[in-house]
Amino acid sequence: MPRKTNPSPELLMQVYERLLADQGPRHWWPAESPFEVIVGAVLTQNTQWRTVSPALDRMKAADLWTWEKILAAKTPVLVEAIRPAGYFNGKARKLKEFASFVVNEFEGSQDALFELDTSVLRERLLGVWGIGEETADDIVLYAANKPSFVMDKYTMRIVDRLGWRVSGKKYADYQRLFSERLPVDVPLYNEYHALVDGHGAKVCRTQPKCAGCCLFDLCATGKGNLGQNALSLQGRG
DNA sequence: TACCAGGTGACTG
DNA sequence: CAGTCACATGGT
């Protein structure tokens with residue numbers, strides 16, 4: 001493996017511009033309301049969005065589209081609605097825990113919750129059972145529109161493959177790599193995470209498709225795969 | 001067919 | 001604190 005390098009703020013912006021040119025704006029989060037962002041953020045945990053979207057439709061059809069209704073619903077009813085998203089027992093409990101939090105402490109409106117300062121909001125979210133760091137940051141950024149850079153499996157994998165040095169192995173370490181180098185800017189955080197996610201899902205997959213990658217010349221792993229990709233291109237003639 | 005997908009909490013040494 | 005495991009459906 002090539003030696004890790006310490007990426008400059010300029011390099012982070014260069015990667016952003018490359019991804020933006022490659023994919024265009026992604027218009028995240030794919031939801032019509034802060035409520036839907038939160039529900040979607042829980043349902044998409046370790047799950048692809050394409051199975052979450054049907055689950056959201058089933059929740060609407062089952063009249064489970066407010067915190068009060070989620071809280072009042074019988075667990076098997078909620079489970080059946082969210083079944084397509086997987087992990088339905090755990091996610092049903094998580095939705096009920098969050099509903100209880102919003103109904104009992106913020107009168108059923110996440111708007112009151114979002115009035116908290118960013119760091120306080122994040123801590124309150126982390127205090128809810130089932131809300132971990134990524135889901136909390138999803139909610140802070142995409143529902144409350146406050147600046148908290150979202151980290152996820154894709155982003156960590158891309159950082160590792162690019163060969164960027166990270167101070168540790170934890171979520172916060174990877175998150176800090178970005179937040180210490182980028183201006184604190186909600187639209188930038190929003191689009192950056194969306195673009196990295198798209199790249200992770202389509203190009204920098206578990207089995208990376210380095211041929212044609214817009215970051216190829218910036219990537220330690222991609223350069224290492226040059227021969228292999230050249231062969232696979234040749235094979236397709 | 002076997003592997004993988006926008007994590008989190010519980011448990012162990 | 002760091003590693004490991006269960007949780008579960010659906011697409012390729």
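Labels below follow one simple rule: chain letters A, B, ... track the order of the sequence lines, proteins then strands, and each chain is numbered from 1.
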Would you say CG of A:D117 has more than 12 non-hydrogen atoms from neighbouring residues, nucleotides or ligands within 6.0 angstrom?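 At most 12 heavy atoms, drawn from other residues, nucleotides or ligands, come within 6.0 Å of this atom.
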May I ask you to check whether over 12 heavy atoms, not counting those of A:E105, lie within 6.0 Å of atom CD?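 Check passes, neighbour count above 12.
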Distance, rounded to the nearest Å, where [X] contributes [atom1] and [N] contributes [atom2]:
| X | N | atom1 | atom2 | value |
| --- | --- | --- | --- | --- |
| A:L43 | B:dG7 | CG | C1' | 12 Å |
| A:Q48 | B:dC4 | CD | C1' | 7 Å |
| A:I82 | C:dC7 | CD1 | C1' | 12 Å |
| A:K91 | C:dG10 | NZ | P | 12 Å |
| A:F88 | C:dA8 | CZ | P | 5 Å |
| A:Y171 | C:dC1 | OH | P | 18 Å |
| A:Y87 | B:dA5 | OH | C1' | 8 Å |
| A:D152 | B:dA5 | CG | P | 11 Å |

Describe the nucleic acid contact of [X] in one word from base, sugar-phosphate, nothing, applying a heavy-atom distance below 4.0 Å.
| X | answer |
| --- | --- |
| A:N89 | sugar-phosphate |
| A:R83 | sugar-phosphate |
| A:R93 | nothing |

What integer number of Å spans the P atoms of C:dC5 and B:dC3? 15 Å
For the P atoms, the ones on C:dA8 and on B:dA10, what distance do you get once it is rounded to whole angstrom? 14 Å
Sidechain N-carboxylate O distance under 4.0 Å for A:E97, A:K94: no
Indicate yes or no: does A:D217 engage A:R18 in a salt bridge with an N to O separation below 4.0 Å. yes
With respect to the phosphate group of [N], does any side-chain polar atom (N or O) of [X] fall under 4.0 Å of OP1 or OP2?
| X | N | answer |
| --- | --- | --- |
| A:R157 | B:dA5 | yes |
| A:T206 | B:dA5 | yes |
| A:W129 | B:dG7 | no |
| A:T47 | B:dG7 | no |

As a test of reading the structure: which of C:dT9, B:dG7, B:dC4 is closest to the side chain of A:T135, going by heavy atoms?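 Given the options C:dT9, B:dG7, B:dC4, the side chain of A:T135 is closest to B:dG7.
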Closest of C:dC7, C:dG10, B:dA5 to the A:T51 side chain is C:dG10
Along DNA chain B (nearest heavy atom to each residue), the more 5'-positioned of A:L126 and A:Y142: A:Y142
On DNA chain C, compare the nucleotides closest to A:R205 and A:N46; which residue's is nearer the 5' end?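 Result of the comparison: A:N46.
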Less than 3.5 Å apart, any donor N or O on the side chain of A:T135 or A:D138 sitting next to an acceptor on the other? no
Determine yes or no for a side-chain-to-main-chain donor-acceptor pair under 3.5 angstrom, with A:R181 supplying the side chain and A:L177 the backbone.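 Yes, because the side chain of A:R181 sits within donor-acceptor range (under 3.5 Å) of the backbone of A:L177.
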